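Being a predicted model, the structure only gives us computed values, none of them experimental.
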Amino acid sequence: MPPTPLSWSTLPRRFQILLGGVVLFLITIFALGPPSPSSVPTLDQVKDAAKNPHLPKVDVSLPTVEEVLNLAKPSHKGPAKQANSTAASEYRLIKWMSDFKWRNPYSSKTTLDENSAVLPPLLDRPPIYTFYDTRVKKEKDLKDAENRLILAWRRAWWAQGFKPQVLSRVEALANPHHELVQRMHLAPDVEHEIMRWLAWGNVGGGILTDWMAIPMAEHDNAMLSFLRRGEYPDLSRIASLNNAVFYGAEAAVQDALKKATTHALLANSTANSDKIAELAKKEGGLMVNLLPQEDVKVDKTKNAIAYYSKYTMAKKYGGKARAIVEKMTNTTSPEGMELLANLINAHLQLTFQELYPEGISIVQPLPEHTTALMHEAINIARNLTQCPASPMPKSCPPNRQNCKPCDPAHTMKMQLHSALQNSSKQYTIGTVPHPYTLTSLHYAQDSITPQFLRTEAQDRNMWLAALTSQIATKDHSEQYRLVDFKELVAARDRPSTSLWLTAERVEQTDLDWIFGFFLPQIAKSKSDDKSSTPADLVLSPRPGEPLPNPDVKVPDESKVETEEERLKKARDVLKSKDKNQIKVVEATELWNMADTEAWKFSRAFAARRRIERLLWEEAEKKFAGSEKSVKGAGGSWHD
Ligand SMILES: *[C@@H]1O[C@H](CO)[C@@H](O)[C@H](O)[C@H]1NC(C)=O
Ligand SMILES: *[C@@H]1O[C@H](CO)[C@@H](O)[C@H](O)[C@H]1NC(C)=O
Ligand SMILES: *[C@@H]1O[C@H](CO)[C@@H](O)[C@H](O)[C@H]1NC(C)=O
Ligand SMILES: *[C@@H]1O[C@H](CO)[C@@H](O)[C@H](O)[C@H]1NC(C)=O
Ligand SMILES: *[C@@H]1O[C@H](CO)[C@@H](O)[C@H](O)[C@H]1NC(C)=O
């Protein structure tokens, strides 16, 4: 929890409310132990508070260095500790524990608590830094546009398993080597380059990138895997990315700073300004070229990082697109940067689409009565397969010029399957129902009674059995299937190739952080109304519903409506505090232990992922590019 030497009254009202909400939430969870669900704001409420549109509009411009220095200095050191945790939910508290015993089929054997799920320990996210000088005076529109780009940078790196952090002059000023630099009179861009190294050295080295450098590759790409390991024996830059990405250990960075800041050229920087400017133009940037060549290694690994600098853009997309490229690389044009943010987003989605040549599999076990369960999964699949809105729809990411651009006439494949397929070339989206929900839908019962369970609902764990029917054989036990499912959800030893929703949660809010890009929220309509889109953005139509599964009889509309009603009723029963209802729900859980475990596990996994990000977002909110400093973040390009 942030200690607050900063005076409460000096904080903007928006932060007071927000901080209040979050502090209450954290205290309740971490100090008072498991609360009664009604006394704690739900996760959704906290998130609402974070994005609350009802609060008065306030200026979101960032604090100046001076302001920040006078307050508690936000420093970027030390990872937050992870605790056994809980999250409030409309349906019962979500509880989990992180432990290496997560592969045991049943969590309760480890937790001795029926409600708690055992999740694999969180993977360490190595920090990745970028530098943003908040001191430079800029128009608000331009600042907003820059913040949006930084947010795109943060989202993309987060999704790849890193912890992106934005450094500012505060960190640079704290570096002991800063004093020397202060006395030099350096040109602004020269100073900027040294400042970002000073800030980087001060937080202990690691990875430093430009915020126009975005990861665009498969999760287990060699370069990304190397960077994720967090060990950087040599101070290095990446070939052909100029000064966009560096990595190295603290000692190496500080040593480089010592050598560079005592370089003869900098001793009289005014007299040598021409020579310094010359050096800054060379590949690698000023710092690298002030150092002996052998001090900075050049990494020639296959490039996983797309860099959207003015130079790269002009080189790769010149020609016919010149006008729009000039607009996008104009660093004083908010509209241009907005378009660039859209281009980056489009390239990220394109990269995702290309990673799964077999398309998206929407898995719907027991399809006869579960149409209502699949609406959200299908919505997500349709948006994922849609061609992204882009200012240059036929373009490829700068690091992968031979890609296959998205073609609205042949979008990524999307199929309904009634069981998991054994393929890593497709992305799977599924919905996990609570056994009560499933029993109610499957047997077409508006309410379930213990008697019904005893006499009619004979089959146990139907959902898991149907889900795994193609990847397991008949004699594979429930435990075996459960572990398979958990490995798929948690994706510990392999890249994640699936997304699991729970049937009872109505809304999905953090998809953009899972995928690293925001899903298209608008599509080209038949009437082709362009009035609400920026002139240069090309929209694509939204793909239709997936074709029905050929082996399944398509239910008619009235049947689906009945199902939807039934789903609502099941949600109400699961929320109910009524003793009899609770008893029935517990009975369905005991009757379907494996299905219950699958539901608990995927629900807790999603909740922990959300909390991990919210806590980080909370810690980062003082910095540029956080969701809170960006209008309309977490959604589309428009407000
Ligand atoms: C989580 O709970 C387990 C078992 O109760 C305990 O061994 C472990 O130390 C706890 N971890 C934390 C971080 O509290
Ligand atoms: C820097 O160079 C200028 C011009 O050559 C000279 O006048 C000045 O004395 C030098 N300053 C120092 C500190 O050497
Ligand atoms: C960049 O954009 C600004 C504001 O939109 C405009 O005034 C300026 O002329 C543009 N510069 C170039 C080189 O196009
Ligand atoms: C899934 O596919 C892999 C590789 O294609 C194969 O080795 C494995 O046996 C398959 N598993 C099942 C259950 O079919
Ligand atoms: C998908 O796109 C539609 C508009 O085309 C939008 O209304 C919907 O909210 C989007 N869904 C998701 C999950 O992004």
| said: Using ring centroids (six-membered ring only for Trp), state whether Phe515 and Tyr427 fall under 6.0 Å. | reply: yes
| Just wondering, do Tyr106 and Leu482 contact through their side chains at under 4.5 Å, heavy atoms? | yes
| request: Please confirm whether the backbone N or O of Ala304 pairs with a side-chain atom of Asn221, one donor and one acceptor, at under 3.5 Å? | output: no
| query | Counting N and O atoms only, with roles assigned by atom type, does the side chain of Arg155 sit under 3.5 Å from a partner on the main chain of Ile150, one being a donor and the other an acceptor? | reply | no
| query | Would you call Arg460-Glu478 a salt bridge at under 4.0 Å N-O? | reply | no
| task | Would you check if there is a donor-acceptor pair between the side chains of Ser98 and Trp96 at a distance under 3.5 Å? | result | no
| Note: Asp99-Lys109 ion pair, threshold 4.0 Å (strictly below) | no
| request: Inspect the contact between Glu504 and Arg92 and indicate whether a charged nitrogen and a carboxylate oxygen are less than 4.0 angstrom apart. | output: no
| message | So which atom in Ala490 and which in Phe601 form the shortest heavy-atom distance, rounded to 0.1 Å? | response | CB-CZ, 4.2 Å
| request: Kindly give the heavy-atom pair with the smallest separation between Thr431 and Ala377, and that separation in Å. | output: OG1-CB, 3.8 Å
| Point-to-point distance, once rounded to the nearest 0.5 Å, from CD1 of Ile207 to OH of Tyr129 | 9.5 Å
| said: Donor-acceptor check, side chain of Arg228 to backbone of His219, threshold 3.5 angstrom: yes or no? | reply: yes
| Say you draw a straight line from OG1 of Thr468 to CZ of Arg481; how long is it, rounded to the nearest 0.5 Å? | 4.0 Å
| said: To check you understand the geometry: which heavy-atom pair defines the closest contact between Ser361 and Gln426, and what is its length? | reply: CB-OE1, 2.6 Å
| With a 3.5 Å cut-off and no angle check, do the side chains of Glu564 and His375 form a donor-acceptor pair? | yes
| Asn383 side chain to Pro520 main-chain N or O, any donor-acceptor pair under 3.5 Å? | yes
| task | Kindly give the heavy-atom pair with the smallest separation between Lys486 and Ser107, and that separation in Å. | result | NZ-OG, 3.9 Å
| request: With sequence neighbours left out, write down each residue that passes side chain to side chain contact (heavy atoms under 4.5 Å, CB included) with Thr130, or none if nothing qualifies. | output: Trp153, Val166, Thr209, Trp211
| query | Do the side chains of Ile362 and Thr428 get nearer than 4.5 Å, heavy atoms only? | reply | no
| said: For Glu563 versus Thr371, what's the shortest heavy-atom pair and its separation? | reply: OE1-N, 2.9 Å
| request: Using modelled atom types only, decide if a donor and an acceptor are shared between the side chain of Asn592 and the backbone of Thr588 within a distance under 3.5 Å. | output: yes
| task | May I ask you to test the Glu376-Asn379 pair for a side-chain heavy-atom distance under 4.5 Å? | result | yes
| said: If we ignore hydrogens and angles and just use 3.5 Å, is the side chain of Arg603 paired with the main-chain N or O of Lys95 as donor and acceptor? | reply: no
| side chain to side chain contact (heavy atoms under 4.5 Å, CB included) partners for Gln581, two or more places apart | Val573, Ser576, Asp578
| Side chains of Leu93 and Asn115 in contact at under 4.5 Å (non-hydrogen atoms) | no
| query | Do any N or O atoms from the side chain of Asn461 and from the backbone of Ala594 form a donor-acceptor pair under 3.5 angstrom? | reply | yes
| request: Determine whether the aromatic ring centres of Trp513 and Phe518 lie less than 6.0 Å apart. | output: no
| Whether His434 and Trp599 hold their rings parallel, tilted or perpendicular, with breakpoints at 30° and 60° | perpendicular
| task | Give every residue pair that meets the salt bridge (Lys or Arg N to Asp or Glu O under 4.0 Å) criterion with at least one member in residues 114-126, sequence neighbours excluded. | result | Arg125-Glu612
| Heavy-atom distance under 4.5 Å between the side chains of Leu438 and Met462, does that happen here? | yes
| said: Would Arg613 and Glu620 count as a salt bridge (charged side-chain N to carboxylate O under 4.0 Å, His left out) here? Give the steps. | reply: CA-CA 10 Å; Arg613 197 183 68 73; Glu620 287 293 301; over 6 Å; no
| Contacts of type side chain to side chain contact (heavy atoms under 4.5 Å, CB included), residue Lys575, not counting sequence neighbours | Glu90, Tyr91, Asp572
| note | Note: Ala156 and Ile214 closest approach over all heavy atoms is CB-CG2, 3.5 Å
| note | Residue set satisfying salt bridge (charged side-chain N to carboxylate O under 4.0 Å, His left out) with Lys425, at least two apart, ordered chain then number -> none
| message | A side-chain contact here means heavy atoms from C-beta on lying under 4.5 Å apart; do Glu358 and Ser423 qualify? | response | yes
| said: Could you check whether any side-chain heavy atom of Val363 comes within less than 4.5 Å of a side-chain heavy atom of Ile429, counting everything from C-beta outward? | reply: no
| said: Between Gln386 (side chain only) and Ile522 (backbone N and O only), is there a donor and an acceptor less than 3.5 Å apart? | reply: yes
| Counterpart residues, side chain to side chain contact (heavy atoms under 4.5 Å, CB included), relative to Arg609 (two or more places apart) | Leu499, Ile514, Phe605, Ala606
| message | Do Phe162 and Pro127 make a side-chain contact, defined as non-hydrogen atoms from C-beta onward lying under 4.5 Å apart? | response | no
